[in-house]
Student: 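So that we are looking at the same thing, I have put the structure below in structure tokens.
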Amino acid sequence: QIHLVESGGGLVQPGGSLELSCAASGTTSEIWTMGWYRQAPGKQRELVARSTVEGSTYYGKSIKGRFTISIDNAKSTVYLQMSNLEPEDTAVYYCNVNAGLWGQGTQVTVSS
């Protein structure tokens, strides 16, 4: 089994930056991809970014180059560095492993 612990959410002003992290524990040798999704109120959950453990990355269309995903394989931790945040980025952000395992979610609120 794999257990996920997310951290790093919070309140930030428009144009600000925030970093999310998601640490995996357990049978981490079975991880081949880690990523982030988000869900805003009244909207469907959408892909933000995902990465393989080899470093191949893919970003959702709404990100527009503002976010960077990375994985520290030694720590089995995935990071999402978010910059130039917009109010439209407000959502609950969920860590995802192997396209099937979800974290508990962390709230990101972009507001002045």
Side-chain angles (χ1 to χ4, degrees):
Q1 281 189 328
I2 297 171
H3 181 63
L4 303 176
V5 177
E6 301 171 359
S7 61
L11 173 65
V12 62
Q13 293 186 342
S17 300
L18 206 59
E19 183 177 71
L20 307 180
S21 63
C22 174
S25 60
T27 52
T28 57
S29 61
E30 297 179 354
I31 295 175
W32 67 85
T33 180
M34 303 182 80
W36 292 93
Y37 288 70
R38 67 185 183 186
Q39 187 166 19
K43 295 187 177 181
Q44 289 187 333
R45 191 172 296 189
E46 65 171 352
L47 171 69
V48 176
R50 64 172 180 258
S51 175
T52 68
V53 294
E54 290 84 13
S56 296
T57 59
Y58 178 83
Y59 292 90
K61 294 179 180 179
S62 62
I63 302 310
K64 303 173 187 177
R66 299 178 295 122
F67 297 178
T68 301
I69 188 170
S70 61
I71 296 177
D72 184 333
N73 288 314
K75 297 181 179 179
S76 298
T77 299
V78 60
Y79 301 93
L80 184 69
Q81 178 64 45
M82 304 183 290
S83 60
N84 196 20
L85 284 159
E86 305 169 350
E88 293 73 21
D89 295 316
T90 296
V92 178
Y93 284 69
Y94 296 92
C95 177
N96 177 273
V97 168
N98 295 348
L101 181 64
W102 296 95
Q104 79 279 6
T106 184
Q107 177 71 45
V108 172
T109 302
V110 184
S111 176
S112 56

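Predicted model, so just to flag it, every value in this text is computed and none were measured.
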Student: Side chains of Arg50 and Tyr58 only: does a donor on one sit below 3.5 Å from an acceptor on the other?
Tutor: no
Student: Going from OG1 on Thr28 to NE2 on His3, what distance comes out if it is rounded to the nearest 0.5 angstrom?
Tutor: 13.5 Å
Student: Can you find a heavy atom in the side chain of Tyr93 that is under 4.5 Å from one in the side chain of Gln39?
Tutor: no
Student: Is there side-chain contact between Met34 and Thr77, with heavy atoms separated by less than 4.5 Å?
Tutor: no
Student: Under the 6.0 Å and 45° cation-pi test, does Arg45 pair with Tyr94?
Tutor: yes
Student: Let me confirm one number: the OH-CG distance from Tyr79 to Leu20, rounded to the nearest 0.5 Å.
Tutor: 12.0 Å
Student: If you round to the nearest 0.5 Å, how far is OG of Ser21 from CG of Leu80?
Tutor: 10.0 Å
Student: Which residues satisfy the side-chain hydrogen bond (donor to acceptor under 3.5 Å, both in side chains) test with Thr52, sequence neighbours excluded?
Tutor: Glu54
Student: Hey, are the side chains of Thr90 and Arg38 touching, using non-hydrogen atoms and a 4.5 Å cut-off?
Tutor: no
Student: In the structure I gave you, are the side-chain heavy atoms of Thr33 and Val97 within less than 4.5 Å of one another anywhere?
Tutor: no
Student: Given side chains that start at C-beta, do those of Trp36 and Leu47 come closer than 4.5 Å, heavy atoms only?
Tutor: no
Student: State the CE-OG1 distance between Met82 and Thr68, to the nearest 0.5 angstrom.
Tutor: 11.0 Å
Student: Using a distance-only test with no angle check, is there a side-chain donor-acceptor pair under 3.5 angstrom linking Thr57 and Ser51?
Tutor: no
Student: Closer than 3.5 angstrom, by distance alone: can the side chain of Glu6 be matched with the main-chain N or O of Cys95 as a donor-acceptor pair?
Tutor: yes
